[in-house]
Every structure is written in structure tokens, then in C-alpha cells.
Q: 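Okay, here's the structure, questions in a sec.
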Amino acid sequence: MLIVLVVFWSAVLPYVVGGALLGGTGAVSWWLWRTDRMVRARDRRWRQGDAVAAGRRTLAEVDAMTGTEFEELVAALCRRDGCTGVRRVGGAHDNGADVVGRLPDGRTMVIQCKRYAPSSTIASRELRDLLGAKVHFRADVAVFVTTTRFSRPSERFAVEHGILAVHRDHLGLWNNGAYLWSLSRVNGRGQGDSRHRARWKQVYGK
């Protein structure tokens with residue numbers, strides 16, 4: 001067999017080269033296909049992780065967060081919407097603010113975050129504390145974000161003093177992709193009519 005191969009080498013060579021090229025091409029194609037599948041799989045995992053990091057969580061998961069985790073979520077949602085210089089300042093001596101930053105249009109903002117049980121209600125005095133924080137931080141905009149609802153007086157207080165009041169329903173919209181400042185168009189609304197409030201009490205017990 002070896003002797004025949006040597007004698008007819010010139011005739012066999014093209015087939016050997018062709019077979020080698022074909023095998024090499026097949027190996028390279030398989031490697032590229034496998035690499036592409038791995039990259040696509042990593043990309044899918046990255047997108048899923050990014051969606052979670054961007055705040056696309058259910059409100060049930062938000063309810064299970066600690067206060068600090070909720071503040072971090074609000075800060076992350078602000079960054080997602082193009083806000084800059086966003087940082088969490090909540091703590092023992094936060095001067096009434098939990099998150100500060102700058103809106104995409106350049107205005108400075110101060111945010112108060114309250115992760116309360118949905119059965120709770122935000123009173124007007126908590127919004128007054130936010131106004132104090134607005135003065136302390138010399139902010140242009142004040143935002144109050146909560147996992148529950150505002151009382152009627154506190155809702156009116158927010159509108160009268162230019163506070164963006166993000167209650168549970170609006171938080172759900174923001175959390176799922178709505179732009180923060182688009183909620184200003186419905187500020188003071190969205191907590192529903194008497195039937196909506198009755199269903200709220202039925203679900204959350206207050």
C-alpha cells in the first residue's frame with residue numbers, strides 16, 4: 001500500500017490535499033457554529049440579568065426587599081432613564097433624602113424612598129420632610145417613591161408643592177419600563193376611583 005502510494009503520489013496528492021482542506025473547513029465551521037451558540041447563550045443570560053438589574057421586577061419581589069435594596073432599585077431605575085450623578089445617600093443622617101442625582105435635562109433631584117407594606121398610607125408630614133430635604137440639597141426637583149398609596153391630603157400636598165408622587169401603581173409602570181418623568185403627566189392621579197380604593201382595601205386590608 002505504501003509502495004503504491006509512493007509510485008502514484010502525484011496522482012493521489014490532489015485528493016489528499018482536497019480531503020485535508022475539506023476536513024479543515026468542516027472543523028472550522030463546527031468550531032464557529034459552536035462558538036456562535038455559546039456567545040448567543042451568554043448574550044441571553046446577560047440580557048436576562050440586565051433586565052433584572054434595570055429594575056424589571058414584580059412588585060411582590062420589591063415588597064420583599066430591605067429598605068436599602070429598595071433605595072438601590074430606585075437609584076438603578078434613575079440611571080436606566082439617563083439620570084446622571086445618581087447616588088444613594090439614605091442612612092441614619094440622610095437629611096430626609098435617600099437618593100440624589102441629576103435628571104437628563106440637567107435639573108438636580110432629591111428622592112425619598114419608602115418601602116412600606118401596601119396596607120400603609122403615606123401621610124402629608126412625610127412629604128413635608130421631603131420639602132426640607134429639597135431645600136437642604138438645593139435640588140430643583142423632589143420625588144417621593146413608595147410601595148404603597150398616598151392619603152388624599154398628602155396627594156393634594158404633593159401636587160400643590162410640585163412633588164412628583166410615585167405611588168404603588170405608578171411604581172409598577174416605572175419598574176416595567178416607563179420613563180420616570182413621563183409619570184409627571186399623571187401626578188396626583190392613578191390611585192383610582194372609589195371602586196378602585198375599595199378593591200385596594202379588599203386586597204391589602206386597609
Side-chain angles (χ1 to χ4, degrees), residues 47-90 94 96-123 126-127 129-131 133-134 137 139-152 154-159 161-193 196-197 199-200 203-204:
R47 289 181 183 277
Q48 290 168 355
D50 185 63
V52 172
R56 298 180 187 279
R57 302 175 174 89
T58 66
L59 290 182
E61 289 173 310
V62 174
D63 289 336
M65 292 179 177
T66 65
T68 299
E69 289 172 339
F70 181 54
E71 292 168 6
E72 292 289 359
L73 170 63
V74 170
L77 290 173
C78 290
R79 296 187 190 101
R80 182 203 70 188
D81 288 350
C83 298
T84 58
V86 178
R87 58 190 177 92
R88 191 182 71 84
V89 296
D94 58 14
D98 295 312
V99 176
V100 295
R102 191 177 293 272
L103 290 165
D105 61 11
R107 289 179 296 169
T108 55
M109 64 175 179
V110 59
I111 303 177
Q112 179 66 260
C113 307
K114 292 296 182 184
R115 192 204 58 77
Y116 288 163
S119 57
S120 302
T121 304
I122 301 299
E126 300 195 68
L127 293 168
D129 293 341
L130 177 57
L131 282 183
K134 182 182 177 183
F137 286 93
D140 300 315
V141 175
V143 184
F144 198 109
V145 183
T146 182
T147 54
T148 186
R149 61 187 296 272
F150 294 91
S151 67
R152 282 297 183 86
S154 64
E155 193 175 49
R156 286 195 297 269
F157 183 91
V159 173
H161 293 84
I163 298 172
L164 178 57
V166 182
H167 53 71
R168 187 177 183 86
D169 292 345
H170 288 169
L171 174 61
L173 293 175
W174 187 27
N175 191 42
N176 283 283
Y179 174 60
L180 172 61
W181 210 244
S182 68
L183 300 177
S184 63
R185 301 170 191 160
V186 288
N187 194 31
R189 296 189 296 245
Q191 298 194 110
D193 55 16
H196 179 89
R197 291 193 295 276
R199 286 196 298 272
W200 183 289
V203 172
Y204 299 116

Q: Kindly indicate whether the side chain of Cys78, heavy atoms from C-beta on, has any atom under 4.5 Å from the side chain of Met109.
A: yes
Q: Please answer whether the main-chain N or O of Glu71 pairs with a side-chain N or O of Asp98 as donor and acceptor at a distance below 3.5 Å.
A: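 Checking the backbone N and O of Glu71 against the side chain of Asp98, no donor-acceptor pair under 3.5 Å is found.
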Q: Is there side-chain contact between Glu69 and Glu72, with at least one heavy-atom pair below 4.5 Å?
A: no
Q: Shortest non-hydrogen contact from Leu180 to Val166?
A: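 Heavy-atom minimum between the residues: CD1-CG2, 4.4 Å.
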Q: Is the side chain of Asp63 donor-acceptor paired with the backbone N or O of Ala117 at a distance under 3.5 Å, no angle test?
A: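 No, because the side chain of Asp63 does not come within donor-acceptor range (under 3.5 Å) of the backbone of Ala117.
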Q: Within the distance-only criterion (no hydrogens, no angle test), does the side chain of Asn187 pair as donor or acceptor with the backbone N or O of Ile163 below 3.5 angstrom?
A: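 It does hold such a pair.
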Q: Answer yes or no: is there a donor N or O on one side and an acceptor on the other, between the side chain of Thr148 and the main chain of Tyr116, under 3.5 Å?
A: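 Looks like no, no N/O pair under 3.5 Å.
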Q: Output all residues satisfying side chain to side chain contact (heavy atoms under 4.5 Å, CB included) with Arg107, sequence neighbours left out; order by chain, then residue number.
A: Leu103, Asp105, Asp140, Val141, Trp181
Q: If you define the side chain from C-beta out and look only at heavy atoms, does anything of Leu171 sit under 4.5 Å from Val145?
A: yes
Q: Any side-chain to backbone donor/acceptor pair from Arg88 onto Ala75? Under 3.5 Å, distance only.
A: no
Q: Side-chain contact, heavy-atom cut-off 4.5 Å: Tyr179 with Ser184?
A: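 They are not in side-chain contact.
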Q: Just jot down the side chain to side chain contact (heavy atoms under 4.5 Å, CB included) partners of Ala178, sequence neighbours excluded, or say none.
A: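 Partners of Ala178 by the side chain to side chain contact (heavy atoms under 4.5 Å, CB included) criterion, ordered by chain and then number, come out as Leu173, Ser182.
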Q: Rounded at 0.5 Å granularity, tell me how far CD1 in Ile122 sits from NZ in Lys114.
A: 7.5 Å
Q: State, to 0.1 Å, how close Gly188 and Val159 come at their nearest heavy-atom pair, and which atoms those are.
A: CA-CG2, 3.6 Å
Q: Any side-chain heavy atom of Arg80 sitting closer than 4.5 Å to one from Trp174?
A: yes
Q: To the nearest 0.5 Å, what is the distance between CD1 on Ile111 and CZ on Phe137?
A: 11.5 Å
Q: Check Thr147, Val74, Thr66 against Arg115 for a side-chain contact (heavy atoms from CB on, under 4.5 Å) and give me the one that passes.
A: Thr147
Q: Looking at OG1 of Thr146 and NE2 of His167, how far apart are the two atoms once the value is rounded to the nearest 0.5 Å?
A: 10.5 Å
Q: To check you understand the geometry: which heavy-atom pair defines the closest contact between Cys83 and Pro104, and what is its length?
A: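 Scanning both residues, the minimum pair turns out to be SG-CD, 3.9 Å.
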Q: Which heavy atom of Ala97 sits nearest to which heavy atom of Gln112, and what is that distance?
A: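 Between these two residues, the closest heavy atoms are N-NE2, 4.0 Å.
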Q: Distance-only, no hydrogens or angles: does the Ser151 side chain make a donor-acceptor pair with backbone N or O of Ala123 under 3.5 Å?
A: no
Q: Measure the shortest side-chain to side-chain distance between Leu127 and His161 over non-hydrogen atoms and say whether it is less than 4.5 angstrom.
A: no
Q: Taking all non-hydrogen atoms of both residues into account, name the closest pair between Leu73 and Met65 and its distance.
A: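 Leu73 and Met65 have their closest heavy atoms at CD2-CE, 3.8 Å.
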